[in-house]
Protein chains: 2
Amino acid sequence: MSSLEELMVFRDVVLTGNITRTSQRLHMSQSSVSIQIRNLEREYGAQLFDRTNRGVRLTERGEVLYRYAEEVVSLMLEAREAVPVPLR
Amino acid sequence: MSSLEELMVFRDVVLTGNITRTSQRLHMSQSSVSIQIRNLEREYGAQLFDRTNRGVRLTERGEVLYRYAEEVVSLMLEAREAVPVPLR
DNA sequence: TTCTGTTACGGGAGGCGTAATCATC
DNA sequence: GATGATTACGCCTCCCGTAACAGAA
């Protein structure tokens, strides 16, 4: 099942529309980003992006996942802040 | 960063209050459950459970994570349904 | 030929289960 | 001794980066 990292990578690819650019921004290889996207597509049984020679473009089903990803990622980031805080 | 599986295991341990019972319910070994809980504690820098000889009991910080985990897991399960659905 | 995405491949890290260990009752 | 959690250890899968490949402008 998908890790939070995969969702964060997915989110960034949606923003940049470009696997190469995301790989640079997140300091990882092209292939790693490409494969993470492929894994998400397999996991959800849906094509998330259309591939073009200029980059990638979100599909309708990709947009559905994107809305969930935004919510989940922001919750998880919030949790990372809230959980370890000493309760005084 | 934590996977959804880890959060689902955490959630189940909270419900059972017992690592062994969760390992049986989820068909995995004690050690695997134990280590996943330990990993979450390291990741969040907080003790999530008090260990007793009868099982484990959620700490205050564990409760904070639990609320997030509930929300995140239900969102992810919802996404699994929603994303692959052909749009009519 | 340049830009972008995908595939092949090898190495290293991490996850799993078995089994041993520790602690408490 | 029974119960429940942790640790040790070996295996095996999976993830990553490098590099080669494919297609389009």
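Each chain gets a letter, A, B and so on, in the order the sequences are listed, and its residues count up from 1.
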Reading DNA chain C from 5' onward, which residue's closest nucleotide shows up sooner: A:N53 or A:I35?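 Nearer the 5' end of the strand: A:N53.
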Within this structure, what is the [atom1]-to-[atom2] distance between [X] and [N], rounded to whole angstrom?
X: B:Q30; N: D:dT6; atom1: CD; atom2: C1'; value: 9 Å
X: B:R54; N: D:dA2; atom1: CZ; atom2: P; value: 16 Å
X: A:N18; N: C:dC3; atom1: CG; atom2: C1'; value: 9 Å
X: B:L48; N: D:dA5; atom1: CG; atom2: C1'; value: 15 Å
X: B:R42; N: C:dG14; atom1: CZ; atom2: C1'; value: 12 Å
X: A:I37; N: D:dC16; atom1: CD1; atom2: P; value: 12 Å
X: A:Q36; N: C:dT7; atom1: CD; atom2: C1'; value: 16 Å
X: A:D50; N: C:dT4; atom1: CG; atom2: C1'; value: 15 Å

State whether [X] places a side-chain N or O below 4.0 Å from either non-bridging phosphate oxygen (OP1 or OP2) of [N].
X: B:R51; N: D:dT6; answer: yes
X: A:R38; N: C:dT6; answer: no
X: B:T20; N: D:dA5; answer: yes

Can you figure out which of C:dG15, D:dT6, C:dG17 approaches the side chain of B:I19 most closely?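 My answer, after comparing the listed nucleotides, is D:dT6.
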Considering only heavy atoms and no angle criterion, is a donor-acceptor pair shorter than 3.5 Å present between the side chain of A:S34 and the base of C:dG5? no
I'd like to know if A:S31 reaches the base of D:dG17 with its side chain, counting only an N/O donor and acceptor under 3.5 Å.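 Donor-acceptor pair under 3.5 Å: yes.
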Is a donor from one side chain sitting under 3.5 angstrom from an acceptor on the other, for A:Q30 and A:T20? yes
Could you tell me if the side chain of B:D12 sits less than 4.5 Å from the side chain of B:T16, heavy atoms only?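 B:T16 reaches B:D12 side chain to side chain.
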Would you say that more than 12 heavy atoms from the other residues, nucleotides or ligands in this model lie under 6.0 Å from the CZ of B:R38, or not? yes
Looking only at non-hydrogen atoms, find the nearest pair between B:A79 and B:P84 and report the distance.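 Scanning both residues completely, I find the closest heavy atoms to be O-CD, 4.0 Å.
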Name the nucleic acid region contacted by B:S29, choosing base, sugar-phosphate or nothing; use a 4.0 angstrom heavy-atom cut-off, strictly under. base
Charged N to carboxylate O below 4.0 Å: is that the case for B:R51 and B:E41? yes
